[in-house]
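To keep things clear, I will list the structure first and then write my remarks on it.
If you read the sequence from its start, that first residue is 1, and numbering goes on from there.
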Amino acid sequence: YQRRVRDKPKAKSMEALDTPDEYCPQKAAAEEHARHHCSNYRDAYTACVQRVENLSKISDSELKAKCDLHGIATVDYTGTAVSRPKLLEQLQPKANCVGQAFEWWHCLDHGASKPLWAGLK
């Protein structure tokens with residue numbers, strides 16, 4: 001006995017999951033009010049994005065330090081130095097700004113929650 005599973009429609013992109021600002025104008029206004037409190041998190045996120053985009057432009061000593069930090073071997077098992085393009089290729093998946101983005105969103109949500117909950121009372 002085999003059970004058939006219906007195919008559920010899948011979202012084509014994350015944009016399908018985003019809600020427009022008109023959906024909840026109170027939340028958009030509350031987030032806009034909280035935005036200036038979270039400028040340091042936004043600046044940290046923006047700086048991180050610029051660092052990731054300019055990863056190929058860092059010096060060899062900075063590249064070696066980043067590889068050591070992330071546990072990427074700079075020499076192979078024979079003692080030969082790994083080439084710069086290979087190191088950058090291995091480092092690229094580890095270089096992201098997810099933490100900074102979550103901190104920024106958390107700050108926005110935290111700042112927006114106070115006026116939103118006050119309006120529900």
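- The heavy-atom pair separating A44 from Q100 by the smallest distance is O-CG, 4.1 Å.
- Residues C97 and V49 come closest through the heavy atom pair SG-N, 3.4 Å.
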- Item | side-chain contact (heavy atoms from CB on, under 4.5 Å) between I58 and R51, worked out | CA-CA 9 Å; I58 63 174; R51 278 194 310 273; over 6 Å; no

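- Between H110 and H106, the ring planes lie parallel to each other; the angle is under 30°, not in the 30° to 60° tilted range.
- Here the closest heavy-atom approach between residue L87 and residue T74 is recorded as CD2-CA, 4.1 Å.
- With sequence neighbours left out, C67 forms a disulfide (SG to SG under 2.5 Å) with no residue at all.
- The closest donor-acceptor contact from the side chain of Q50 to the backbone of A47 lies at 3.5 Å or more, if one exists at all.
- The shortest distance between side-chain heavy atoms of T80 and V75 does not fall below 4.5 Å.
- Applying the salt bridge (charged side-chain N to carboxylate O under 4.0 Å, His left out) test to D60 and every residue at least two apart in sequence or in another chain returns R84.
- Taking both residues in full, the closest heavy atoms of W104 and Y41 are given as CA-CB, 3.7 Å, listed atom of the first, atom of the second, then distance.
- Distance alone, capped at 3.5 Å, is enough to place a donor-acceptor pair between the D76 side chain and the G79 backbone.
- Minimum interatomic distance between L88 and L55 (heavy atoms only, all atoms of both residues): CD2-O, 3.8 Å.
- Closest heavy-atom contact between N96 and C48: O-SG, 3.7 Å.
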